[in-house]
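Input: a single structure, listed below in structure tokens.
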Amino acid sequence: MKAKITLAKEFKIGEIDRRIYGSFIEHLGRAVYGGIYEPSHPTADSDGFRGDVIEFVKELNVPIVRYPGGNFVSGYNWEDGVGPVENRPKRLDLAWGTTEPNTFGTNEFMKWCKKANTQAMMAVNLGTRNADSARNLVEYMNHKGGSAWSDLRKSHGYSEPWGVKLWCLGNEMDGAWQMGAKTAAEYGHIANEASKLMKWTDGSIETVLCGSSSRNSPTFGEWEATSLDIAYDNIDFVSLHQYYENREGDTASFLAKTLEMEEFIYSVICVCDYIKAKRRSKRTINLSFDEWNVWYHSDNVPYERWSYAPARLEDNYYFEDALLVGAMMITLLRHCDRIKIACLAQLVNVIAPIMTENGGGTYKQTIFYPFEHISNFGRGVALKPIIDCPKYDCKQFTDVPYLESIASFDEENDELTLFCVNKSEDEDAELSINLMDFEGYKPFEFISMDGYDKKDANSFVLSPVKPHNNSVPVSDNCLVSVPLKKFSWNVIRFKK
Ligand code: AHR
């Protein structure tokens, strides 16, 4: 197929907030225990953090990590996870049916963040708890000292406040599976009060209101409108969560899911702006897409109830999943004027780009790579490419463009990068890129992932699915010709 992409500096969508490249660690399965924390592991440091995992996290260049849940947070007493480890209680985690030993808690997570070059995005429990426990946690973590909770932190060995800036007001409070699930109005009130008290404790923080647990939630839309209307003046972001799956083996529809994601994002922006208009407010509420990924491979894998850190949600990702993850990141960037935060759910072992063996090795899943590329090269402003390419129809969608693409322009370093997925299973694309007003910019690197079967995956034994470098595309002034392989992920980098 023949395809054309036109790029110009004027096609600016917005500044890319680096927090759009966030991820997520929940007390779930082996994300914490056996994932980021395993004191007996050969690579563990004196804090018990796995060095091999930290190296991979640094490669992903994740600016924020949401913690400690997820569904887990809705039953979590944060006080259980601070202070001398020998005094910490073991608790039943009703969210995931396991026993939580609490040997890893808030301060351990903060230390881990420092070592992994990332920042915490903390979530508070608004399921079984309330505004009071939430504001106490802010005081414990962010107040300099001279109050009961901040002095307790000091007595635990942390004299300096952690200064966490970003806080989630609960998790998926619309879902029946959530401990302490609520109606939109009930949630709006508790979130409003919690956020108010948390901000009175530390005026420098920002908070995220829970949107619907997915676009498919029966109360989607109404949930956002009702809770936002109540909490509008005290919150900064609304969350979106969405996972996709390919249970029916319909790859064409699976890769077209970004059309649905696009609709989802657009709808949430509309609801935010509707409430803004209704309230005649000057404040704009932005979006935090704080759970997104492919999730389905590990459905129905049995585990022992109330056991400690069993393997849960350990999806082993196919090559086609990497293409959708790349396309989902492109979709997020297409809305970077309103999406300021996003979290790939999750980071290690649990529906994750990084996998570990207890006491053993690690491997990078297929989805690791598109994330790594965009997170490292997607800097500056996002530019909307004008894409001219053939489209396809499938079971679930019509008029799906074969190419999905976004560009980022890092003016400071004179770098332009084009990210592009070719969704066609059969046809290579002869792509011609018109660089319009990018005079003097030349391609210097062309990375791709292609040539794999759609079900190819990596494992501890073999990791065949990975990116490779191609010869640098031919350019003639502002016209660049790039051969895009069928069913491929592509990164084309230009420099002046
Ligand atoms: O990421 C796994 C789970 O998915 C989270 O705990 C929950 O918020 C969502 O339903």
Side-chain angles (χ1 to χ4, degrees), residues 22-33 35-36 62 64-76 91-98 100 109 121-129 166-182 187 191 208-220 223-224 227 237-245 261 264 287-301 303 309-317 321 324-325 328 341-355 365 367 371:
S23 189
F24 179 25
I25 285 284
E26 177 168 2
H27 281 250
L28 194 188
R30 299 190 309 116
V32 172
Y33 305 107
I36 62 174
V62 178
I64 51 163
V65 178
R66 185 166 170 250
Y67 173 87
N71 297 339
F72 171 81
V73 79
S74 296
Y76 184 50
R91 300 271 186 206
L92 296 187
D93 167 27
L94 306 188
W96 299 105
T98 55
E100 170 57 50
F109 179 65
M121 177 189 195
M122 292 298 292
V124 296
N125 175 357
L126 294 185
T128 59
R129 301 193 80 189
L166 197 53
W167 295 78
C168 300
L169 302 165
N171 177 69
E172 296 188 351
M173 300 306 304
D174 62 328
W177 58 90
Q178 203 68 216
M179 287 176 264
K182 296 181 170 43
Y187 173 65
V208 183
L209 185 81
C210 289
S212 300
S213 45
S214 81
R215 184 174 181 254
N216 315 329
S217 158
T219 53
F220 171 60
W223 171 274
E224 282 77 0
S227 57
F237 303 94
V238 170
S239 76
L240 295 83
H241 289 183
Q242 192 71 54
Y243 297 95
Y244 292 121
E245 36 84 7
M261 183 173 174
F264 182 28
L287 276 48
S288 170
F289 211 126
D290 47 42
E291 285 188 35
W292 67 270
N293 202 350
V294 173
W295 173 11
Y296 76 102
H297 298 283
S298 60
D299 288 0
N300 308 321
V301 172
Y303 73 101
R312 305 280 330 259
L313 280 53
E314 297 201 0
D315 277 32
N316 195 30
Y317 289 110
D321 300 322
L324 186 65
V325 161
M328 288 178 86
I341 300 161
C343 303
L344 173 70
Q346 298 191 8
L347 186 56
V348 185
N349 290 332
V350 173
I351 42 175
I354 300 169
M355 297 302 291
Q365 297 246 35
I367 62 169
F371 188 97

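Whatever order the structure lists ligands and atoms in, that order sets their numbers, starting from 1. From a predicted model like this one, the values you see are computed outputs, not experimental measurements.
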Note to self: Parallel, tilted or perpendicular, judged at 30° and 60°: which one describes the rings of Phe109 and Tyr67?
What the structure shows: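 Parallel: the ring planes of Phe109 and Tyr67 meet at under 30°.
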Q | Closest approach of Phe220 to Ser212 (non-hydrogen atoms, all atoms of both residues) | A |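 Reported closest heavy-atom pair: CA-OG, 3.3 Å.
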Examine Trp96 together with Tyr303 and report whether their ring centres are nearer than 6.0 Å.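 Judged by ring-centre distance (under 6.0 Å), Trp96 and Tyr303 do not meet the cut-off.
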Atom pairs and distances, side-chain donor-acceptor, residues 346-353, under 3.5 Å, sequence neighbours left out:
from   : atom 1 : to     : atom 2 : distance (Å)
Gln346 : OE1    : Glu26  : N      : 3.3
Gln346 : NE2    : Glu26  : OE1    : 3.0
Asn349 : OD1    : Arg30  : NH2    : 3.4
Asn349 : OD1    : Thr356 : N      : 2.7
Asn349 : OD1    : Thr356 : OG1    : 3.4
Asn349 : ND2    : Arg30  : O      : 2.9
Asn349 : ND2    : Thr356 : OG1    : 2.8

For ligand 1, list the protein residues that place a heavy atom within a distance below 4.0 Å of one of its atoms, sorted by chain and number.
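Under the 4.0 Å cut-off, ligand 1 touches Phe24, Glu26, Gly70, Asn71, Trp96, Asn171, Glu172, Tyr243, Glu291, Trp295, Gln346, Ile351.
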Gln178 side chain vs Gly127 backbone, donor-acceptor pair below 3.5 Å:
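Not a single qualifying donor-acceptor pair exists.
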Output yes when a side-chain donor or acceptor of Asp315 lies under 3.5 Å from a complementary backbone atom of His297, and no otherwise.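 Yes; at least one donor-acceptor contact below 3.5 Å.
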